[in-house]
Amino acid sequence: MRPDWLTHPLRWQRGPVPWAATVRGAAGMAVPLGLAVAAGRPAEGVLAGLGAMFAGVNDRPAGRRTGAVQQAVPALAGALGLLLGAATGWWAVPLLGAVGVLSGAISVAGPVASAAAVQLTVLTVLGCGMPVPLPGWAKAACYLAGAGWLLLLRQLTTHPRPLHAERHAVAAVFDALADALDATGTDRAETARRRLTAALDRAGEQLRTDHHHTRTLRTRLAAASALSEAGVALLRDARPLPARLAAGPRRLAAAVRADRLPGPLPVPAAETPATAAFDRAVLQAATAFGETPGTAGTTGMAGTAGAVGTPGTAGARGRVRGRGLRRGLAGWVLGVRLESRPGGTGAVPAVRPWGRAGRAYGVRVGVCVAASAALALGLRAGHWYWLPVTAAFLVKPDLGPLFSRVVNRFAGTVAGVLLVAGLAPALPGPWWPVAAVAATGALIPVAQRHFAAQTAVITVTVLAFVTTGGDHGAAGGRLADTTLACALVLLVGHLPGLADTRARVGQRAAHALRHTQRYLDHVLLTERQDPEHPADAAVAARRAELRRTAYRTLAQARAAAENAAAELRPGAPAEPDWLRLTVHAERLADAATAYAVERDHGAPAPATPAAARTLTRTLAAAADALDRPGPVAAPPAAPAALPPELDGVAAEVGRIRVLSAG
């Protein structure tokens, strides 16, 4: 069996071809570059093309509002980097080190923040090292013009049907649930469960703001979330399920896509308490298709009230809407997802940029970028920017394990350089770079499925840009700089103080355990709820919010754990098994969800308040043990009446503490 660090560079993501994004990509860079070449202003065209290129990298499936944020926030960060990049010579080294530390800390907050941080770093490097005879404000304006052009293309080419992307995202949740039900009891079950969690997260991102146009879809997403909760009790049994159970969610998915009523649903058949609860949840989900946005908030369906506002007076609804708008705007500006504290007071980002993970990653980025800039300046005075730019991309952990990133970056650069070296002589004249960026712009949306393919496409694009700027012999230097950057990042990335996964993965695991503890605390210490009783709507909505946050943070911790498991560690001591810890925590959340569903439908409550408090104290102590250096009080022993998964969590945390102490 081959080790993960060896096979990870070969993994390729699959999915449909985003045709609209390919069309936008072809026109996004070629049009501004072509206009600039025709006008005899190549420098402005290169900067505008760079803005369009980075906006194309961030052109991911989303609705108009979400997609605009995904592209606009990083573009503004890139423009800021061009304004900051005014230092010349060796003064650039401390500046890039400071920007790298800041960018690395920001990156841990979320995907939009990560994209903004890397553009801030890369464009600061280009501002310092790229020989463009323009003042900083003019560079930033050209860059924003290119990004704005692609953003305009996105708005013009988005599907004409209102809320098309949002509707398909909600329908994908029902389809993912049906797939998970079909896969139960097979070797596809775990993958299907993770796709369900990812589908819920994507749909939540699409419907992030409380806008009146999305109220109906938010109601249906809440119905899908409540139905997924009922399905967990079935999925947890790990036995094949009747085919009729998946038919209901599939019909609901088709109804969401077509924006119509679901029609006849499968006849309920109460084989077990879990299937009875699921059948009831299907019927409750169907009621979301007959409600108007104005009445959706008063239903008793679990999770619906939380999705569209808590029932109450108009003033109360206005205050809730205002808080939601402020949180949404703050989250967009910061590029992070804001999560409510228990009791609804305040909000915190998923992982704090100023926490241990942010500080550790910030130091790694700062050291790598500053060291690579110093090395490049020592080797040559001009065109030194490629080496620190390469280091800035290589050091990003959300692009995969370090060894995998290095291998794919080197392979992609070699492929891009060879392609340009082979085709450039056959395409003489000033217009071949325009044709090249048109082709690579169309390929970027597909090439992002593999880091080597993305690197090859970006390499061809950048070489076309620098050729337009007058540097005709850049290919060999780019390959040499990439080789040096790969070696430097491998060296720095495996230093003992920077390669430790405790800060990078441990904080996410601790964060996930805390949210799991909050979810369990709510489930175990609240009374049985009647889903049809309006007085229980707020409690059910709170449970839905805590459940989604717990599963989302667990999925983030699992992704970080899988990256850590695929790292190359030559001669390093044994690393904690973060993946096994997250699996135990996920199963514990599943047990709590199944318990809540069965209790709501008449099953006896096995947990006493004292046992429940012991469980939540155990999880809280486990999170503290991961997140705080130094001795931590041993968690209390879990009573036998509580889920056995808790023993697995406590045991894994204990092993991690032993390895960390060693």
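Source: prediction; values computed, not measured.
For the side chain to side chain donor-acceptor pair (under 3.5 Å) test with D201, the passing option among R552, R548, Q206, Q556 is R548; the others fail.
Counting only heavy atoms from C-beta outward, the side chains of R558 and W578 never approach each other to under 4.5 Å. Under the 4.5 Å side-chain criterion, counting only non-hydrogen atoms from C-beta, V170 is in contact with L207. With contacts defined as side-chain heavy-atom distances shorter than 4.5 Å, the pair L588/L619 qualifies. Residues R251 and P264 have side chains in contact (heavy-atom distance under 4.5 Å, counting atoms from C-beta outward). Contact check for L443 versus T22: no side-chain heavy atoms found under the 4.5 Å cut-off. Here the side chains of D590 and Y551 are in contact, with some heavy-atom distance below 4.5 Å. The closest side-chain heavy-atom distance from V597 to V232 is not below 4.5 Å. With contacts defined as side-chain heavy-atom distances shorter than 4.5 Å, the pair L252/L227 qualifies.
The two residues A52 and L150 make their nearest non-hydrogen contact at O-CD2, 3.4 Å. Closest non-hydrogen pair, F278 versus P249, comes out as CZ-CG, 3.9 Å. Taking all atoms of both residues into account, the shortest heavy-atom contact from A176 to R195 is CB-O, 4.1 Å. Heavy atoms only, all atoms of each residue included: A247 and P266 are closest at CB-CG, 3.7 Å. Of all non-hydrogen atoms in P74 and N58, the two that sit nearest each other are CB-ND2, 3.6 Å. A224 and F174 get closest at one heavy-atom pair: CB-CZ, 3.6 Å.
Taking CG from L241 and CG from L235, the interatomic distance works out to 7.0 Å, rounded to the nearest 0.5 Å. Interatomic distance, CG of L554 versus OH of Y519, reported as 11.0 Å (0.5 Å rounding). In this structure, the separation between OG1 on T618 and CD on Q517 is 10.0 Å, given to the nearest 0.5 Å. Atom CD of residue E229 and atom CG of residue L177 lie 12.0 Å apart, to the nearest 0.5 angstrom. Atom CZ of residue R257 and atom CZ of residue R167 lie 11.0 Å apart, to the nearest 0.5 angstrom. T516 contributes atom OG1, which lies 10.0 Å from atom NE2 of H511 (distance to the nearest 0.5 angstrom).
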TODO: Please report the C-alpha distance between F289 and T216 in whole Å, then the side-chain angles of each, then the deciding distance to 0.1 Å, and finally whether the side chain to side chain contact (heavy atoms under 4.5 Å, CB included) criterion is met.
DONE: CA-CA 8 Å; F289 291 81; T216 299; over 6 Å; no
- [ ] Go through E205 and V69 one step at a time and tell me if the side chain to side chain contact (heavy atoms under 4.5 Å, CB included) criterion holds.
- [x] CA-CA 11 Å; E205 287 292 334; V69 172; over 6 Å; no
- [ ] Apply side chain to side chain contact (heavy atoms under 4.5 Å, CB included) to R220 and V173, showing your working.
- [x] CA-CA 10 Å; R220 294 174 184 178; V173 177; over 6 Å; no
Open item on the list: L245 vs D182, test: side chain to side chain contact (heavy atoms under 4.5 Å, CB included). Steps then yes/no.
Closed with: CA-CA 8 Å; L245 291 174; D182 283 337; over 6 Å; no
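R154 meets the side chain to side chain contact (heavy atoms under 4.5 Å, CB included) test with R24, D59, A62, Q71, T158; sequence neighbours excluded.
A donor-acceptor pair shorter than 3.5 Å can be found between the side chains of R547 and S225.
Judged purely by atom type and a 3.5 angstrom limit, T582 uses its side chain to pair as donor or acceptor with the backbone of L579. Under a 3.5 Å cut-off, the side chain of T549 and the backbone N or O of L546 do not form any donor-acceptor pair.
Counting heavy atoms of neighbouring residues, nucleotides and ligands inside a 6.0 Å radius, atom CZ of R260 exceeds 12 of them.
Remark: R193 does not engage E586 in a salt bridge, criterion side-chain N to carboxylate O under 4.0 Å. For the pair R542 and E545, the salt-bridge criterion is met [side-chain N within less than 4.0 Å of a carboxylate O]. A salt bridge between E190 and R194 is absent, with no side-chain N of the basic residue lying under 4.0 Å from a carboxylate O of the acidic one.
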